[in-house]
Amino acid sequence: MGIGSLTTFAVSWSARESGDLMTIDEIKVVAMKALTDHLAPSIVANLLAFEEFDADGDPILRFRVVIDSRSPDLLADQVLYATGVVRRALASVNEQRFPLLSFPSSDEMSGVAA
């Protein structure tokens with residue numbers, strides 16, 4: 001599903017006050033939908049999301065996109081454009097914090113609780 005398919009999901013957020021922040025679980029749903037489509041045929045096994053602050057004190061969102069090690073390797077373009085894909089998906093539901101992504105494999109993340 002592409003960014004356009006988030007329209008139905010975004011409509012449910014339209015009543016949200018502009019100052020309200022989304023919960024981390026709500027953010028994960030939006031990001032996971034965008035990444036699952038964008039990174040196919042690679043399989044997103046898990047998405048870990050953290051609210052943090054950058055060096056300037058601005059709020060950011062850090063994502064660890066755990067790729068199933070049995071799925072096809074990510075292409076360079078998929079990694080290159082993933083931040084923009086997530087950023088647009090989050091902006092469509094009025095979430096303005098900048099996303100930072102990393103892409104560990106499921107082998108690298110074995111034993112890490114989600």
Side-chain angles (χ1 to χ4, degrees):
M1 107 187 44
I3 297 299
S5 65
L6 290 174
T7 304
T8 302
F9 184 77
V11 169
S12 68
W13 294 105
S14 62
R16 202 178 261 288
E17 296 289 329
S18 62
D20 291 347
L21 292 178
M22 296 176 68
T23 68
I24 201 69
D25 289 334
E26 293 167 337
I27 290 166
K28 282 176 63 173
V29 168
V30 173
M32 185 67 144
K33 286 181 180 189
L35 287 166
T36 298
D37 182 49
H38 176 69
L39 299 176
S42 295
I43 299 168
V44 179
N46 198 357
L47 181 64
L48 305 173
F50 308 92
E51 297 173 297
E52 297 183 6
F53 293 92
D54 67 12
D56 296 325
D58 295 324
I60 62 169
L61 297 166
R62 184 173 306 275
F63 294 97
R64 289 195 183 102
V65 186
V66 182
I67 303 299
D68 189 318
S69 60
R70 297 166 296 181
S71 69
D73 291 338
L74 291 172
L75 301 175
D77 283 351
Q78 288 175 306
V79 174
L80 179 66
Y81 295 113
T83 298
V85 167
V86 171
R87 191 167 189 198
R88 284 188 299 278
L90 293 173
S92 75
V93 292
N94 204 30
E95 175 55 65
Q96 299 302 315
R97 290 177 280 181
F98 191 84
L100 295 176
L101 283 64
S102 61
F103 295 89
S105 72
S106 57
D107 289 342
E108 293 171 310
M109 295 297 290
S110 64
V112 176

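Numbering starts at 1 and runs along the sequence shown.
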Taking V85 as the starting point, is it possible to reach F98 by hopping between hydrophobic residues whose side chains are less than 4.5 Å apart? no
Value for CZ (F50) from CG (L100), rounded to nearest 0.5 Å, stands at 12.5 Å
If we only count heavy atoms from C-beta on, is the V44 to V66 side-chain gap below 4.5 Å? no
Distance, nearest 0.5 Å, that separates CG of L39 from OH of Y81: 14.0 Å
Would you please test V30 and M32 for side chain to side chain contact (heavy atoms under 4.5 Å, CB included) and show each step? CA-CA 6 Å; V30 173; M32 185 67 144; over 6 Å; no
Distance-minimising heavy-atom pair for L47 and K28: O-CE, 3.0 Å
Please determine whether the number of non-hydrogen atoms from other residues, nucleotides or ligands lying under 6.0 Å from atom CG of D73 exceeds 12. no
Is V86 linked to I60 within one hydrophobic cluster, defined over Ile, Leu, Val, Met, Phe, Trp and Tyr using a side-chain heavy-atom separation of less than 4.5 Å? no
For R64 and S102, the nearest pair of non-hydrogen atoms, with its separation, is CG-OG, 3.4 Å
So which atom in A40 and which in Q78 form the shortest heavy-atom distance, rounded to 0.1 Å? O-NE2, 2.9 Å
Looking at H38 and D77, what are the two nearest heavy atoms and their distance? NE2-O, 4.3 Å
Check whether L101 and I43 end up in the same hydrophobic cluster, where Ile, Leu, Val, Met, Phe, Trp and Tyr are linked by side-chain heavy atoms less than 4.5 Å apart. no
Does L74 reach the side chain of F103, with side-chain heavy atoms less than 4.5 Å apart? yes
When clusters are formed by joining ILVMFWY residues with side-chain heavy atoms under 4.5 Å apart, either directly or through shared neighbours, do I67 and L75 land in the same one? no
Should L61 and L90 be marked as a side chain to side chain contact (heavy atoms under 4.5 Å, CB included) after you check the CA-CA gap, both sets of side-chain angles, and the distance that decides it? CA-CA 10 Å; L61 297 166; L90 293 173; 3.8 Å; yes
For residues 51-61, the side chain to side chain donor-acceptor pair (under 3.5 Å) pairs (sequence neighbours left out) are E51-R97, E52-R62
Closest non-hydrogen atom pair between S42 and S71, with its separation: CA-OG, 3.7 Å
Minimum heavy-atom separation for S105 to S69, with atom names? CB-CB, 4.4 Å
